[in-house]
Amino acid sequence: MGNTALLGMIDLGGAHARLGIARRGGGLTATTEIPISLGDGADRVLTQTAHALRKLADGTPLAGAGIALPGPVGIPNRGVSSPSRMPGWGGVDIAALFEAEIGVPVVVENDANAMALGEHFARSPRATNSVTIKAGTAIGAGIVIDGHIFRGAIGTAGEITHTRVEAAGALMCSCGNRGCLETVSSGAALVRLLREKGLDVSSTADVLTLVRNADPEATALAHTAGQHLGEVMCAVVNFFNPDAIYLGGALSTLEPFVSAIRSQIYEGAHPLMTRDLDISPALLGADASLVGTSREINESLARESTD
Ligand SMILES: [Zn+2]
């Protein structure tokens, strides 16, 4: 296996998977998206995506593969540890299952961590410490310190979405607690809030369309959602003192959402912390998690060859 071998990456979402191929040690060479349903379970989804990944590689053998998952990934990172968004996937050794499908070593990573790694290394000069927010249908965050993902004790660092905020009151969250940021700031929350107001929306994509068309209700809700997220981020900024915060995910493409986060942090965090703080939109768009995952596959293959 020389450096010409390819890497295959999968970013799993609830209703679709984004697939990418990269050269070992290099950038993406091909991407595609296929419809999936996470609810079909690990076996079916992994068979489907392995088939599509082989097709995307167009006959060239893979040297390694990786999967980014929309759920907390435990240590050792082989599968999801709390599958509230991935029913039926709990306790499954996803890495082993996919290795059996695709025939090469597989790394498994949380999607926000993968995005954070991709965004961190997409910049020059590079930050020392960065936090990347993935605000889409759900909210995730990844922390990169000195070029490495910070995982915490059990691999779930960055779950800011389950921080209690006053505005969420006693709203029930998917985690089993009440009043989480997730219930007022996520794409899923905006869908629910707009439906309560009688608007015909069923997905985060519908919310994006409404805000881009300057619907007043949707715009106001996107702004409020950003304020709540910004409020939680003030504590993160004061505690962690990052060089940079990168805002990724579908909601971060909305101006009212992003500007509310920025102003909340600049107003609410300690002035010393925000003086040189870079708050920037994500650069890699939908490919961020694929790029971050390819980086992890490269590192894992390099470790294997020196072991
Ligand atoms: Zn929660």
Side-chain angles (χ1 to χ4, degrees), residues 11-15 38-39 68-75 77 79-92 108-116 131-143 149-196 201-204 207 221-240 245 247-252 254 257 260-261 264-265 268 289:
D11 183 14
L12 285 183
L38 271 187
L69 299 170
V73 171
I75 294 174
N77 36 349
V80 279
S81 50
S82 162
S84 65
R85 293 189 63 222
M86 303 182 70
W89 290 67
V92 177
V108 171
E109 185 56 275
N110 166 263
D111 58 0
N113 280 352
M115 173 180 274
V131 177
T132 298
I133 307 289
K134 183 184 184 190
T137 302
I139 296 170
I143 305 154
I149 293 170
F150 177 77
R151 299 179 189 282
I154 59 160
T156 56
E159 289 287 314
I160 59 164
T161 197
H162 300 294
T163 304
R164 196 166 280 182
V165 291
E166 206 178 326
L171 282 170
M172 194 77 197
C173 180
S174 62
C175 72
N177 271 345
R178 290 179 184 276
C180 292
L181 177 68
E182 179 96 2
T183 65
V184 288
S185 282
S186 64
L190 292 181
V191 168
R192 190 197 73 240
L193 291 164
L194 286 166
R195 287 176 74 92
E196 283 169 13
V201 291
S202 58
S203 67
T204 304
V207 177
L221 280 174
H223 182 82
T224 313
Q227 282 180 320
H228 298 319
L229 180 56
E231 183 190 325
V232 169
M233 285 306 292
C234 286
V236 172
V237 166
N238 283 347
F239 179 77
F240 181 58
I245 295 173
L247 302 174
L251 293 185
S252 297
L254 300 175
F257 183 75
I261 295 173
Q264 197 74 18
I265 294 173
S289 293

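Indexing begins at 1, ligand by ligand and atom by atom, following the structure's order. Treat the numbers as computed from the prediction; the structure is a model and nothing was measured.
- The side chain to side chain contact (heavy atoms under 4.5 Å, CB included) test with L221 is passed by exactly one of V207, V184, L190: L190.
- Within the 4.5 Å cutoff, the side chain of V73 has no heavy atoms near those of the N113 side chain.
- Around the Zn ion (ligand 1), the protein contributes the following N, O or S atoms under 2.8 Å, ordered by chain and number: H162 ND1, C173 SG, C175 SG, C180 SG.
- Contact annotation: the side chain of V92 never approaches that of M86 to less than 4.5 Å [non-hydrogen atoms, C-beta and beyond].
- Within the structure, side-chain hydrogen bond (donor to acceptor under 3.5 Å, both in side chains) contacts touching residues 174-186 (residues at least two apart or in different chains) are T161-E182.
- Listed by first and then second residue, the side-chain hydrogen bond (donor to acceptor under 3.5 Å, both in side chains) pairs that reach into residues 222-237 come to none, sequence neighbours excluded.
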Under 3.5 Å, which donor-acceptor pairs do the side chains of residues 131-138 form with other protein atoms, sequence neighbours left out?
residue	atom	partner	partner atom	Å
K134	NZ	D111	OD2	2.9
T137	OG1	T204	OG1	2.8

